[in-house]
Undergrad: 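Pasting a structure below so you can have a look.
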Amino acid sequence: MNRRFSFVILGLLGLVLAGFAARGLTYVSTLSGAVAGDRFGVVVAPAGDINGDGNADLLVGAPGSYQMQDLPGKVFLYIGGSDPAKPALEITGDKAGDRFGTAITALGDINGDGFGDFAVGASKNDEAGTDAGKVYIYFGGKQLDATPDITILGERHNDWFGASLAGSKDLNGDNITDLLVGANYGGKNYSGAVYVFLGGANFTTPAVVLDGESSGDSFGERIAILGDMSGNGVSDFAVSSYYHNSADLRNSGKVYLYQGGSIISTKPWQTIEGKRPQANFGFALAGLGDVNGDGTPDIAVGAPGDGPNTEGVAYVYAGAPVIRDPIATIYGQNPKDLYGYSLCFGDVDDDKFSDLLVGTPFADIGDYRSGRVEIFNGSQSFDTVNDFHINGNGADAQCGTAVEYIKNFYGKRGGIFVVSSPGPVGNGRISFLHIYK
């Protein structure tokens with residue numbers, strides 16, 4: 001496959017991005033984790049405007065790992081307006097092994113005080129039962145603190161409630177932002193479940209609970225709010241089951257699209273299935289904004305086990321009342337690179353088209369599993385040739401484990417792109433998060 005590359009080498013303390021400024025992307029800074037193995041930056045998310053200064057803020061999760069049970073997990077809040085350096089707030093989970101920070105999301109202003117709010121998931125919290133999970137909601141304000149204002153518990157042992165979160169959009173048309181919570185071992189037969197909480201007077205009681213199809217599907221481990229793809233004026237959302245078996249294709253994966261509206265049906269509006277065994281179609285989901293300029297938001301789906309040689313694939317689907325074949329199918333380069341492990345969108349080149357970032361953390365670019373992020377500029381003729389890329393900074397950097405765009409981080413001056421290199425657990429490895437604008 002022909003690819004045009006402009007090489008970028010990331011250093012641990014500084015990054016050289018020759019030629020990037022002309023394209024509208026410039027290195028800003030590198031943030032680092034505090035403790036080896038904390039997996040700082042394995043989860044990143046926009047926070048909304050938490051302190052009311054007109055700039056969007058950044059949330060970074062450091063949930064630890066399943067091998068590091070002594071860490072409760074942490075979340076760091078960086079205030080927008082100036083280049084990220086030190087967090088304004090650090091929040092620590094309740095107990096060791098809770099995986100606090102395994103999911104984070106902006107909520108919008110759910111309590112009507114004029115400040116943005118946010119939620120954090122701790123999927124292995126034991127308060128309601130072993131690994132039942134817990135979600136913490138924090139209200140924004142001029143004075144920030146680490147005390148949750150609302151908490152929501154999982155229903156039973158081993159639900160992993162809070163494994164995924166998505167918020168800050170109105171799903172039922174009442175002009176109040178809502179929240180989706182995934183519990184990938186919840187639901188009937190431990191197939192996984194997604195809880196829809198509608199903002200308003202009783203935010204802690206789900207209005208709708210969606211269940212997966214089959215035991216072990218991990219339904220709800222990935223969720224994304226997409227914008228109005230269906231054309232009814234309300235945001236739609238996607239839920240994946242990347243361990244779902246379609247026909248005789250083990251772990252091929254499946255994505256379910258649900259239509260927002262005054263009544264949210266428990267039946268999906270549309271579904272898209274993986275086409276190969278072990279594809280893990282739906283491991284990553286991203287609402288893309290509009291990549292092809294037709295006025296309708298689009299969706300990207302990552303399948304890091306897909307491809308003729310298990311190199312991984314990223315798919316782009318055009319938003320429409322009926323989702324058809326992908327408008328772009330982008331393949332990784334080498335077997336087991338995990339191409340499509342992470343996805344996000346943002347307007348890199350300021351041309352009013354959304355651009356796509358694809359992470360491939362196990363790519364061997366000069367060094368073993370140094371990782372890479374590829375950037376595809378959106379246009380009316382969206383193509384599968386990456387326009388430039390970012391390479392990892394050394395062996396096992398695993399660059400591209402997470403990618404995210406924080407719109408309006410500098411207010412009217414624009415946003416930032418965040419690329420994580422959390423590295424492996426052990427070996428004294430400190431995690432890194434690279435910031436660009």
Undergrad: Which heavy-atom pair separates Pro63 from Gly101 by the least distance, and what is that distance?
TA: CB-C, 3.8 Å

Undergrad: Would you say Tyr410 and Asp83 are linked by a side-chain donor-acceptor pair, where the criterion is simply a distance under 3.5 Å?
TA: yes

Undergrad: Measuring only between side-chain heavy atoms, which start at C-beta, is Val418 closer than 4.5 Å to Tyr78?
TA: no

Undergrad: Output, in order, the C-alpha distance, side-chain angles, deciding distance and verdict of side-chain contact (heavy atoms from CB on, under 4.5 Å) for Tyr258 and Leu171.
TA: CA-CA 10 Å; Tyr258 293 88; Leu171 300 176; over 6 Å; no

Undergrad: What class does the angle between the rings of Phe118 and Tyr138 fall in, given that below 30° is parallel, 30 to 60° is tilted and above 60° is perpendicular?
TA: parallel

Undergrad: Do you know which two heavy atoms are closest between Ala45 and Ile104, and how far apart they sit?
TA: CB-O, 3.6 Å

Undergrad: Leu285 and side-chain contact (heavy atoms from CB on, under 4.5 Å): which single residue from Val301, Ile225, Ile223, Val239 fits?
TA: Val301

Undergrad: What pairs with Phe115 under side chain to side chain contact (heavy atoms under 4.5 Å, CB included), at least two apart in sequence or on another chain?
TA: Asp113, Lys142

Undergrad: Between Ser214 and Ser191, does the side-chain contact (heavy atoms from CB on, under 4.5 Å) criterion hold? Intermediate values first, please.
TA: CA-CA 5 Å; Ser214 305; Ser191 60; 5.5 Å; no

Undergrad: Working to the nearest 0.5 Å, report the span between CG of Asp355 and SG of Cys344.
TA: 10.0 Å

Undergrad: Between CG of Asp57 and CG of Asn408, what distance do you get to the nearest 0.5 Å?
TA: 11.0 Å

Undergrad: Supply the atom-to-atom distance Cys399 SG to Arg372 CZ, rounded to the nearest 0.5 angstrom.
TA: 9.5 Å

Undergrad: Going through the distances and angles, do Phe40 and Leu31 end up as a side-chain contact (heavy atoms from CB on, under 4.5 Å)?
TA: CA-CA 9 Å; Phe40 174 85; Leu31 309 176; 4.0 Å; yes

Undergrad: Taking the side chain as every heavy atom from C-beta outward, state whether Tyr331 and Pro308 have any pair of such atoms under 4.5 Å apart.
TA: yes

Undergrad: side-chain contact (heavy atoms from CB on, under 4.5 Å) for Phe219 and Val194? Distances and angles first, verdict last.
TA: CA-CA 8 Å; Phe219 177 85; Val194 170; 3.9 Å; yes

Undergrad: Show the nearest heavy-atom pair for residues Ile79 and Ala88, with the distance to one decimal.
TA: CG1-CB, 3.4 Å

Undergrad: Closer than 3.5 angstrom, by distance alone: can the side chain of Thr401 be matched with the main-chain N or O of Gln398 as a donor-acceptor pair?
TA: yes

Undergrad: Hey, mind stepping through Tyr315 and Asp306 against side chain to side chain donor-acceptor pair (under 3.5 Å) and telling me if it holds?
TA: CA-CA 11 Å; Tyr315 298 89; Asp306 202 350; 2.5 Å; yes

Undergrad: Please, which pairs that meet ring-ring contact (aromatic ring centres under 6.0 Å, His included) have at least one residue in residues 340-363, sequence neighbours excluded?
TA: Phe283-Tyr341

Undergrad: Using modelled atom types only, decide if a donor and an acceptor are shared between the side chain of His434 and the backbone of Val419 within a distance under 3.5 Å.
TA: no

Undergrad: How long is the span from the OH atom in Tyr256 to the CD1 atom in Ile272, to the nearest 0.5 Å?
TA: 12.0 Å

Undergrad: With a 4.5 Å limit on heavy-atom distance, are the side chains of Asp94 and Tyr136 in contact?
TA: yes

Undergrad: Do side-chain atoms of Asp347 reach the backbone of Lys352 as a donor and acceptor pair under 3.5 angstrom?
TA: yes

Undergrad: Test side chain to side chain donor-acceptor pair (under 3.5 Å) on Gln270 and Tyr317; report intermediate values, then the result.
TA: CA-CA 13 Å; Gln270 297 185 65; Tyr317 296 87; over 6 Å; no

Undergrad: Give a yes/no verdict on a cation-pi contact between Lys437 and Phe409, requiring under 6.0 Å between NZ or CZ and the six-membered ring centre and an angle within 45° of the axis.
TA: no

Undergrad: Near Glu155 CD, under 6.0 Å, is it more than 12 heavy atoms from other residues, nucleotides or ligands?
TA: no

Undergrad: Please check if the side chain of Asp98 supplies one atom and the backbone of Gly93 the other of a donor-acceptor pair under 3.5 Å.
TA: no

Undergrad: Whether the side chain of Asp298 engages the backbone of Val291 through a donor-acceptor N/O pair (distance < 3.5 Å, no angle test) should be reported.
TA: yes

Undergrad: Using 0.5 Å steps for rounding, measure from the CG atom of Leu180 to the CG atom of Leu165.
TA: 9.0 Å

Undergrad: Measure across Lys275 and Glu273 and return the closest heavy-atom pair with its distance rounded to 0.1 Å.
TA: CE-O, 3.7 Å

Undergrad: At their closest point, which heavy atom of Ile91 faces which heavy atom of Phe100, and how far apart are they?
TA: O-CE2, 3.4 Å

Undergrad: Are Arg156 and Asp159 ion-paired here, with the side-chain N under 4.0 Å from a carboxylate O?
TA: yes

Undergrad: Any sub-3.5 Å donor-acceptor pair from Asn184's side-chain atoms to Gly220's backbone N or O?
TA: no

Undergrad: Checking the side chain of Asn386 only, and the main-chain atoms of Glu374 only, is there a donor and an acceptor separated by less than 3.5 Å?
TA: no

Undergrad: Drop me the distance from Leu356's CG to Asp387's CG, to the nearest 0.5 angstrom.
TA: 10.5 Å

Undergrad: Taking the side chain as C-beta and beyond, is there a heavy-atom pair between Pro46 and Ile406 under 4.5 Å?
TA: yes

Undergrad: Donor-acceptor pair, Asn55 side chain versus Gly411 backbone, under 3.5 Å?
TA: yes

Undergrad: Please tell me if the side chains of Ser164 and Arg222 come closer than 4.5 Å, counting only heavy atoms from C-beta onward.
TA: no

Undergrad: Are the side chain of Asn309 and the backbone N or O of Glu311 linked by a donor-acceptor pair below 3.5 Å?
TA: no

Undergrad: Heavy atoms only: give me the nearest Val255-Ser240 pair and the separation to one decimal.
TA: CG2-CB, 4.1 Å

Undergrad: Output yes when Arg369 and Asp396 qualify as a salt bridge under the 4.0 Å nitrogen-oxygen rule, no when they do not.
TA: no

Undergrad: Are any of the side-chain heavy atoms of Thr329 and Thr384 separated by less than 4.5 Å?
TA: no

Undergrad: Could you tell me whether Asp70 atom CG has more than 12 heavy atoms of other residues or ligands within 6.0 Å of it?
TA: yes

Undergrad: Do Asn111 and Asp149 make a side-chain contact, defined as non-hydrogen atoms from C-beta onward lying under 4.5 Å apart?
TA: no

Undergrad: Would you find a donor on one side and an acceptor on the other, under 3.5 Å apart, between the side chain of Ser252 and the backbone of Ser246?
TA: yes

Undergrad: Do the non-hydrogen side-chain atoms of Leu249 and Pro277 ever get within less than 4.5 Å of each other?
TA: yes

